[in-house]
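Notes follow once the structure below has been shown.
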Amino acid sequence: MTLATEVNIPRLDHIGIAVESIEAALPLYRDGLECEASEPIEAPTEQVRLVMVSTGESRVELLEATSADSPIARFIRKRGQGIHHLAMKVSDLDGVVERLKKSGRRLVTETVQRGGAGDYRYVFVHPKSAGGVLLELIEE
Ligand code: ZN
């Protein structure tokens with residue numbers, strides 16, 4: 001298998017975990033498991049503050065709401081802390097989005113968004129169209 005082919009394989013980029021407090025959640029990963037963690041990053045478009053924890057080829061994204069209207073705040077009110085979404089990296093986001101829409105799958109937003117931690121292009125597939133999982137697709 002060539003490197004070019006491998007780059008085109010969608011891969012798990014991170015698992016997003018909704019937490020009430022990054023300060024309370026981070027020591028498990030940083031001190032207990034000795035993972036490297038980023039500095040807190042503000043993502044105003046999603047009304048969250050987040051920390052990325054390195055776990056080899058993938059990452060854990062700890063998400064803390066910065067406002068009561070934040071999707072993360074609503075998630076925690078409804079279900080408590082826990083796994084919020086899976087994020088896959090894809091090389092052709094527009095092509096994937098077009099295929100998903102054609103097959104009738106529902107996206108959380110109609111269009112591809114930009115922002116997040118690192119100013120990338122992304123979209124969320126609605127859990128009702130993804131086996132109960134909120135699926136974030138990130139452009140490579
Ligand atoms: Zn994410």
Side-chain angles (χ1 to χ4, degrees):
M1 185 183 285
T2 66
L3 189 61
T5 315
E6 286 172 10
V7 167
N8 290 328
I9 298 171
R11 61 185 171 80
L12 182 64
D13 182 76
H14 64 265
I15 296 170
I17 300 177
V19 299
E20 283 167 3
S21 156
I22 286 174
E23 200 187 347
L26 186 56
L28 167 65
Y29 298 97
R30 188 193 52 204
D31 308 330
L33 297 170
E34 298 187 322
C35 296
E36 273 185 37
S38 73
E39 290 298 313
I41 300 162
E42 301 286 332
T45 49
E46 304 289 340
Q47 296 174 287
V48 294
R49 173 182 308 119
L50 64 95
V51 165
M52 281 293 187
V53 178
S54 294
T55 58
E57 291 182 357
S58 188
R59 300 179 291 173
V60 168
E61 180 183 54
L62 300 176
L63 297 154
E64 177 190 303
T66 54
S67 100
D69 305 329
S70 161
I72 294 300
R74 278 186 267 129
F75 178 90
I76 289 176
R77 274 199 299 276
K78 224 166 135 184
R79 305 195 202 176
Q81 302 184 96
I83 293 179
H84 178 259
H85 66 272
L86 295 188
M88 308 264 307
K89 222 167 213 183
V90 299
S91 56
D92 173 23
L93 183 58
D94 293 322
V96 171
V97 164
E98 200 185 309
R99 277 201 303 282
L100 294 179
K101 282 183 169 175
K102 249 186 208 158
S103 65
R105 295 196 196 270
R106 196 170 136 198
L107 304 180
V108 174
T109 52
E110 267 309 297
T111 55
V112 170
Q113 309 288 300
R114 180 178 277 285
D119 196 33
Y120 50 78
R121 295 176 73 232
Y122 65 96
V123 73
F124 282 97
V125 182
H126 197 281
K128 288 210 161 95
S129 285
V133 174
L134 178 61
L135 181 62
E136 178 181 15
L137 301 174
I138 298 172
E139 189 156 71
E140 191 87 51

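Order of appearance sets the numbers: ligands from 1, and atoms from 1 within every ligand. Since we're looking at a predicted model, the values are computed, not measured.
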**Prompt:** Going through the distances and angles, do R114 and E139 end up as a salt bridge (Lys or Arg N to Asp or Glu O under 4.0 Å)?
**Reply:** CA-CA 10 Å; R114 180 178 277 285; E139 189 156 71; 5.8 Å; no
**Message:** Are there over 12 heavy-atom neighbours, none belonging to R121, within less than 6.0 Å of that residue's CZ?
**Reply:** yes
**Asked** Are there more than 12 heavy atoms of other residues, nucleotides or ligands under 6.0 Å from atom CD1 of I83?
**Response** no
**Prompt:** What pairs of residues pass the side-chain hydrogen bond (donor to acceptor under 3.5 Å, both in side chains) test when at least one of them lies in residues 78-89, not counting sequence neighbours?
**Reply:** H14-H85, E61-H85, H85-E136
**Prompt:** Between L62 and Y29, is any pair of side-chain heavy atoms under 4.5 Å apart?
**Reply:** yes
**Request:** May I ask you to determine how many protein N/O/S atoms are under 2.8 Å from the Zn ion (ligand 1)?
**Result:** 4
**Message:** Run the side-chain contact (heavy atoms from CB on, under 4.5 Å) test on R11 and E140 for me, step by step, so that the C-alpha distance in whole Å, both residues' side-chain angles and the decisive distance to 0.1 Å come before the verdict.
**Reply:** CA-CA 10 Å; R11 61 185 171 80; E140 191 87 51; 3.1 Å; yes
